[in-house]
2 protein chains.
Amino acid sequence: MQRSVSTFRLKAACSNCNLRELCLPVDLSIDEMQQMDDLSRLKRGYARGDYLYRSGDKFQSLFAIHSGSFKTQALHEDGREQVTGFQMYGEIIGLDAICTDHHTCEAVALENSEVCELPFNKLEALSRKLPSLQRHLHKIMSREIVRDQGIMLLLGSMRAEERLAVFLLNLSQRFAARGLSQTQFQLRMSRQEIGSYLGLKLETVSRAFSNFQESDLISVKARAVELLDLPGLHSLVGKQL
Amino acid sequence: MQRSVSTFRLKAACSNCNLRELCLPVDLSIDEMQQMDDLSRLKRGYARGDYLYRSGDKFQSLFAIHSGSFKTQALHEDGREQVTGFQMYGEIIGLDAICTDHHTCEAVALENSEVCELPFNKLEALSRKLPSLQRHLHKIMSREIVRDQGIMLLLGSMRAEERLAVFLLNLSQRFAARGLSQTQFQLRMSRQEIGSYLGLKLETVSRAFSNFQESDLISVKARAVELLDLPGLHSLVGKQL
DNA sequence: TAATCAGTTTGATATATGTCAAAATTCATG
DNA sequence: CATGAATTTTGACATATATCAAACTGATTA
């Protein structure tokens, strides 16, 4: 199995810098792996609340999250902030800035986290040589588009409880995709931040949590969440109108 | 001026197939232009209501809209439809499908329209040879991400009138970018479709239009819109809370 | 021109979420 | 472990939008 061998080696080659999201599905030769690995040797740590980048910063790199999690938020002229997304380990952050050469939102660590910097010029140069990497990069960007549009659907037509259900199920999937429990996890963000993301006030988010618990759909204690009835949560979504 | 000459030639080379969005900012040699032009010689027409692609169709190509306009909409399991975007001439449609190899939403012509098909494999191959094309493709995808996130902001925290103001100003910008009047234009979509896109009911959209007219911000007669007070519309956005 | 039909506007009422306030819980720090 | 700060929960009330219904407008067809 050519593929599994090279995948295995690739993991090793990239081990100093978690490029899961970028590497795993890509079939590369040993030499190519070396180039891939050279792409980013830097790994930097950020404490809770630290900025990975700020709005207006020049865009130069994408960042692969090695551990921890971040939120991205946009700043309105009047000072309001609104969360545009949550990124967890294994995911790529910074895709929004390619089109403008400057970051249009800011990224803040939700907990102590480590990221690997991926200079975008190098990434483009390498992906010109490696079609499979090129396609994968395109897929990552496309997935971001799809995910955003999914959120739009959610925000556009759903009521508070449906939104929260979608949010929880989405988190659950992402945890599962990374080998963690999909029914029990720790939220890294506040009710306020969830609300900002879902277009709700924190009180509404809190009430929705309480209602879910009341209906035995989940169990919540502050930020510790357990999904007790996945089918139930699923059926909540899209039974409306 | 090397650039303007080549840009001029490029326009000519691509004239049989409007690749504005894809070509204009790219600096190419004559030979490269030829390759670019060969990318897509097909130009197909669609009547109002025709499907460009349907949800589930295999992804093979992007489409450059040569004339007319489309809407993309997602289908919920229960049969509901929700508009996820409007695309006008000069724009690229189909970016969402790259990550799944299958279309996740459907694209419908809002009026009689023409599109050029851009086989994605060919586009990737060419962009491996032409760094400026590669970067531009990345920018287009990134812009889509930014635009979607912009809509999320809008849907998340804004009230009906603010949403409609953002929508109108966004349309205005896109018309202006294509050399059309930015204050007077014909809407190609119904109140229903606008509402679906903005997460509002058609009655709410209609009321917002009426209120804007009442305040002398715009003049509306059915689908003919004139923006009378651009600064006023701008100030409506983000003066909240 | 008249008739029909889809789309739009307007009105009255219901409901979900926002707002404001206070209590309860969790978290951080000494 | 105790204290104070931050976050979360809960309650009462206000308000924006949805819902239902009807009238109106403009476009299409006979």
Side-chain angles (χ1 to χ4, degrees), chain A residues 47-49 71 80-83 108 110-112 154-168 186-215 218-225 236-237 239-241, chain B residues 47-49 71 80-83 108 110-112 154-168 186-215 218-225 236-237 239-241:
Chain A
R48 175 184 164 79
K71 68 173 174 181
R80 278 181 301 166
E81 296 174 349
Q82 187 179 349
V83 175
V108 185
L110 289 172
E111 60 192 309
N112 293 344
L154 183 162
L155 292 176
S157 66
M158 292 185 178
R159 290 181 12 271
E161 295 194 358
E162 301 180 81
R163 295 185 199 194
L164 188 63
V166 170
F167 175 72
L168 290 172
Q186 197 73 22
L187 297 174
R188 299 298 178 184
M189 62 293 283
S190 68
R191 301 287 186 267
Q192 159 85 285
E193 287 167 329
I194 296 172
S196 173
Y197 182 55
L198 297 179
L200 302 168
K201 293 294 160 186
L202 70 292
E203 296 95 331
T204 307
V205 174
S206 178
R207 279 183 236 273
F209 269 118
S210 301
N211 293 343
F212 282 177
Q213 179 148 251
E214 190 64 26
S215 316
I218 68 171
S219 149
V220 220
K221 209 183 278 178
R223 297 196 180 183
V225 175
L236 240 176
V237 180
K239 75 172 184 191
Q240 222 56 30
L241 181 81
Chain B
R48 175 184 165 78
K71 67 174 175 181
R80 275 181 302 166
E81 294 174 349
Q82 187 178 349
V83 174
V108 184
L110 289 171
E111 58 192 312
N112 294 344
L154 181 162
L155 292 177
S157 65
M158 291 185 177
R159 289 181 14 272
E161 295 194 358
E162 300 179 83
R163 295 185 198 193
L164 187 63
V166 170
F167 174 73
L168 289 173
Q186 196 74 21
L187 297 174
R188 297 300 178 183
M189 63 293 283
S190 68
R191 301 287 186 267
Q192 159 85 283
E193 287 167 330
I194 296 172
S196 173
Y197 182 55
L198 297 178
L200 302 167
K201 293 294 159 188
L202 71 292
E203 295 95 329
T204 307
V205 173
S206 178
R207 280 183 235 273
F209 270 117
S210 300
N211 292 343
F212 283 177
Q213 179 149 249
E214 190 65 23
S215 315
I218 68 173
S219 146
V220 219
K221 209 183 280 180
R223 298 196 180 181
V225 175
L236 240 176
V237 180
K239 75 172 185 193
Q240 219 58 28
L241 179 83

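Chain naming here is simple, since letters A, B, ... match the order of the sequence lines and numbering starts at 1 in each. In this text, all values refer to a predicted model and were calculated from it rather than measured experimentally. No hydrogens, no waters, no symmetry mates; every other heavy atom, side chains included, goes into these values.
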What is the separation between atom [atom1] on [X] and atom [atom2] on [N], rounded to the nearest whole Å?
{"X": "B:Gln213", "N": "D:dT25", "atom1": "CD", "atom2": "C1'", "value": "14 Å"}
{"X": "B:Leu202", "N": "D:dA23", "atom1": "CG", "atom2": "C1'", "value": "15 Å"}
{"X": "A:Ile194", "N": "D:dT8", "atom1": "CD1", "atom2": "P", "value": "8 Å"}
{"X": "A:Asn211", "N": "C:dA16", "atom1": "CG", "atom2": "P", "value": "11 Å"}
{"X": "B:Phe209", "N": "C:dT9", "atom1": "CZ", "atom2": "C1'", "value": "12 Å"}
{"X": "A:Glu193", "N": "D:dT7", "atom1": "CD", "atom2": "P", "value": "9 Å"}
{"X": "A:Gln192", "N": "C:dG18", "atom1": "CD", "atom2": "C1'", "value": "13 Å"}
{"X": "B:Glu161", "N": "D:dA18", "atom1": "CD", "atom2": "P", "value": "13 Å"}

If you compare every side-chain N and O of [X] against the phosphate oxygens of [N] (OP1, OP2), does one of them come in below 4.0 Å?
{"X": "B:Thr204", "N": "D:dA18", "value": "yes"}
{"X": "B:Arg223", "N": "C:dG7", "value": "no"}
{"X": "A:Arg159", "N": "C:dT15", "value": "no"}
{"X": "A:Lys201", "N": "C:dT19", "value": "yes"}
{"X": "A:Arg207", "N": "D:dT9", "value": "no"}
{"X": "A:Ser210", "N": "D:dT10", "value": "yes"}

Can you name the one residue among B:Glu161, B:Met158, B:Arg163 that meets side-chain contact (heavy atoms from CB on, under 4.5 Å) with B:Val237?
->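 Of B:Glu161, B:Met158, B:Arg163, side-chain contact (heavy atoms from CB on, under 4.5 Å) with B:Val237 is met by B:Met158 alone.
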On a heavy-atom basis, which atom in [X] and which in [Y] lie closest, and how many Å separate them?
{"X": "B:Ala222", "Y": "B:Arg191", "answer": "O-NH2, 2.6 Å"}
{"X": "B:Leu164", "Y": "B:Phe209", "answer": "CD2-N, 3.8 Å"}
{"X": "B:Gln213", "Y": "B:Ser219", "answer": "OE1-CA, 3.4 Å"}

Q | Position toward the 5' end of DNA chain C (nearest nucleotide), A:Gly199 or B:Met189 | A |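 Nearer the 5' end of the strand: B:Met189.
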Which residue lies toward the 5' end of DNA chain C, A:Arg48 or B:Arg191, if each is placed at its nearest nucleotide?
->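 Looking at DNA chain C, the more 5' nearest nucleotide goes with B:Arg191.
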**Item:** Of the listed nucleotides D:dT19, D:dT10, C:dT8, the one nearest the side chain of A:Glu203
**Value:**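 Side chain of A:Glu203 sits closest to D:dT10.
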Worksheet item: Which of the following nucleotides, D:dT10, C:dG18, D:dG26, is nearest to the side chain of B:Lys221?
Response: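 Output: D:dG26.
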ask   = When we call it a touch if two heavy atoms are under 4.0 Å apart, what does B:Ala222 touch: a base, just sugar-phosphate, or nothing?
value =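 Counting heavy atoms under 4.0 Å across all strands, no contact is made by B:Ala222.
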Identified salt bridge (charged side-chain N to carboxylate O under 4.0 Å, His left out) counterpart of B:Lys71 within the set B:Glu111, B:Glu193, B:Glu81:
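In the set B:Glu111, B:Glu193, B:Glu81, the residue that makes a salt bridge (charged side-chain N to carboxylate O under 4.0 Å, His left out) with B:Lys71 is B:Glu193.
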